[in-house]
2 protein chains.
Amino acid sequence: MPTFDLDDFTPYRLALLSARISRRFAAIYGPKFGLSRAEWRILAHLSQEAEVSIREIARRVDMDKSKLSRATARLETRGLLTKTPNPEDRRLLQLSLTEEGRAMIAELAPLAQAFEQEVHDALGPDAEAFDRAIRRLSAAAE
Amino acid sequence: MPTFDLDDFTPYRLALLSARISRRFAAIYGPKFGLSRAEWRILAHLSQEAEVSIREIARRVDMDKSKLSRATARLETRGLLTKTPNPEDRRLLQLSLTEEGRAMIAELAPLAQAFEQEVHDALGPDAEAFDRAIRRLSAAAE
DNA sequence: TTGACTTCATTTCAATTGCAACGACAACTG
DNA sequence: CAGTTGTCGTTGCAATTGAAATGAAGTCAA
């Protein structure tokens, strides 16, 4: 019988690592701001590019559009973003952060950067290679 | 306002990458063997260590025990594993693969190894550093 | 031995999820 | 133009999920 060690299996190791890291970071913004992972991602995404449609976020973030639809609805009722129909294509929605949303991101960004720094430090000398590796794999996984 | 690029945020990049890779591999074993991700993991885990309890798998694989309970129930009804109460501590269940389960793993193992090889090749010269990096981060994330 | 705790697996229940349908709109095609 | 096809966001629905409750079993101290 062919032996097979799950602990040496990259997809598995990656899944474990990713789950742990995301959970750790979620422990920072979750209780403090009452955001789910999806909501945090949407806000973060909107902080870079204003006027994004749900479809665009769905593509980039690889989340189901129904999940996005519900998450953005919550964020809208909380007053963190607005949805306005795109005048050029009325099927599309333009999402933008409200003042309040921007304020929240302004608070979140330093936390994220500090966390990123921690990760970077933990990586030590392998940081660069790790970065390249993620890039390579992402590209290979198309 | 502090700029923050989600694409440079390691937790996010890792989550995307992990999801994609796992999905790719699931596309191999999923349709062919009718296994969910959790089920595949349980089988793989059992292939290395016979006689494992649900609690042990839960600890290692960092899956909720209720999820495990249901997944193992499915695998049991499919005849891929058996649950027998541990005679020394009757709260514990000993999970073991049936012949059929072992046969399935024997088919799956080469697929997993081929997939791992693909990943390894995609990593090229950064493979070693990547391995170290995962180890470092996993350790740091406690 | 009894009683108070703890641990393990299952189950219950509410919430989240993904898929498929839907309605509104846009873009072709003849 | 009318008809077909395709896209976008939302919603209905069934399945999955995680958290807490449950029941069975073990542990420990009085």
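Values reported hereafter were calculated over all heavy atoms of this structure, with side chains retained and with hydrogens, waters and symmetry mates removed. A, B, ... follow the sequence lines: proteins, then strands. Residue 1 opens every chain.
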Measure the distance from [atom1] on [X] to [atom2] on [N] and round it to the nearest whole Å.
X       : N      : atom1 : atom2 : value
A/Leu68 : D/dG9  : CG    : C1'   : 10 Å
A/Asp89 : C/dA27 : CG    : P     : 6 Å
A/Ile54 : D/dT7  : CD1   : C1'   : 14 Å
A/Leu93 : C/dC25 : CG    : C1'   : 12 Å
A/Glu88 : C/dA24 : CD    : P     : 23 Å

Residues that [X] engages under salt bridge (Lys or Arg N to Asp or Glu O under 4.0 Å), provided they are two or more places apart:
X        : answer
B/Arg90  : none
A/Asp121 : none
A/Glu39  : A/Arg74
B/Asp7   : A/Arg60

Give a yes/no on whether any side-chain N or O of [X] is located under 4.0 angstrom from OP1 or OP2 of [N].
X       : N      : answer
B/Arg90 : D/dA25 : yes
B/Arg55 : C/dC8  : yes
A/Arg37 : C/dT16 : no
A/Ser69 : D/dG9  : no

**Prompt:** When you match A/Glu56 and A/Arg91 each to their closest nucleotide on DNA chain D, which lands nearer the 5' end?
**Reply:**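 Comparing both residues, the 5'-ward one is A/Arg91.
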
*Quick one: label A/Ser36 by what it contacts on the DNA or RNA (base, sugar-phosphate, nothing), any heavy atom closer than 4.0 Å.*
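The residue A/Ser36 makes no contact with any strand.
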
### Task
Write out all pairs satisfying side chain to side chain donor-acceptor pair (under 3.5 Å) with one or both partners inside residues 14-37 of chain A, taking only residues at least two apart or from two chains.
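Passing the test, one end in residues 14-37 of chain A: A/Arg23-B/Asp62.
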
- Task: Mind jotting down which residue pairs meet the side chain to side chain donor-acceptor pair (under 3.5 Å) criterion with at least one end in residues 126-135 of chain B? Sequence neighbours excluded, please.
- Result: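 Residue pairs passing side chain to side chain donor-acceptor pair (under 3.5 Å), neighbours aside: A/Arg13-B/Asp131, A/Asp126-B/Arg132, A/Arg132-B/Asp126, A/Arg136-B/Asp126, B/Asp131-B/Arg135.
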
request  = Taking only heavy atoms on the protein side, list every residue of residues 13-32 of chain B lying under 4.0 Å from any atom of DNA chain D, sorted numerically.
outcome  =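 Nucleic-acid contacts, sorted: none.
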
Query - Positions of residues 77-87 of chain A (non-hydrogen atom under 4.0 Å from DNA chain D), listed by number - result: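 Result for residues 77-87 of chain A: A/Lys83, sorted by number.
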
Of all residues at least two apart in sequence or in a different chain, which pass the side-chain hydrogen bond (donor to acceptor under 3.5 Å, both in side chains) check with A/Thr84?
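Testing A/Thr84 for side-chain hydrogen bond (donor to acceptor under 3.5 Å, both in side chains), a comparison that skips the adjacent residues, returns none.
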
- Message: Can a side-chain donor-acceptor contact be found between A/Glu116 and B/Thr10 if the only test is distance below 3.5 angstrom?
- Response: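 Yes - a donor-acceptor pair under 3.5 Å links their side chains.
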
* Partner residues of B/Tyr12 under the ring pair (Phe, Tyr, Trp, His ring centres under 6.0 Å) criterion, sequence neighbours left out ->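 Checked B/Tyr12 against ring pair (Phe, Tyr, Trp, His ring centres under 6.0 Å); zero matches.
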
inquiry  = The criterion is ring pair (Phe, Tyr, Trp, His ring centres under 6.0 Å); which residues satisfy it with A/Phe115, sequence neighbours excluded?
reply    =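 By the ring pair (Phe, Tyr, Trp, His ring centres under 6.0 Å) rule, A/Phe115 matches A/Phe25.
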
Inspect the contact between A/Glu56 and A/Arg59 and indicate whether a charged nitrogen and a carboxylate oxygen are less than 4.0 angstrom apart.
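So A/Arg59 does not pair with A/Glu56 through a salt bridge.
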
Legend entry - Residue B/Thr72, side-chain heavy atoms: nucleotide from C/dT10, D/dG26, C/dA24 that is nearest: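 Looking only at heavy atoms from C-beta outward on B/Thr72, the closest nucleotide is C/dT10.
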
Nearest-neighbour nucleotide for the A/Leu92 side chain, D/dG9, D/dG26, C/dT10 considered:
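From the listed options, D/dG9 comes nearest.
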
Using a cutoff of under 3.5 Å, can you pull out all pairs of nitrogen or oxygen atoms linking the protein to nucleotides 17-21 of chain D, with atom names and distances?
{"from": "D/dG18", "atom 1": "N7", "to": "B/Arg70", "atom 2": "NH2", "distance (Å)": "3.1"}
{"from": "D/dG18", "atom 1": "O6", "to": "B/Arg70", "atom 2": "NH2", "distance (Å)": "2.9"}

- Item | Sole candidate of B/Ile42, B/Leu43, B/Leu75, B/Thr82 that passes side-chain contact (heavy atoms from CB on, under 4.5 Å) when paired with B/Leu97 |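 The option that passes is B/Leu43.
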
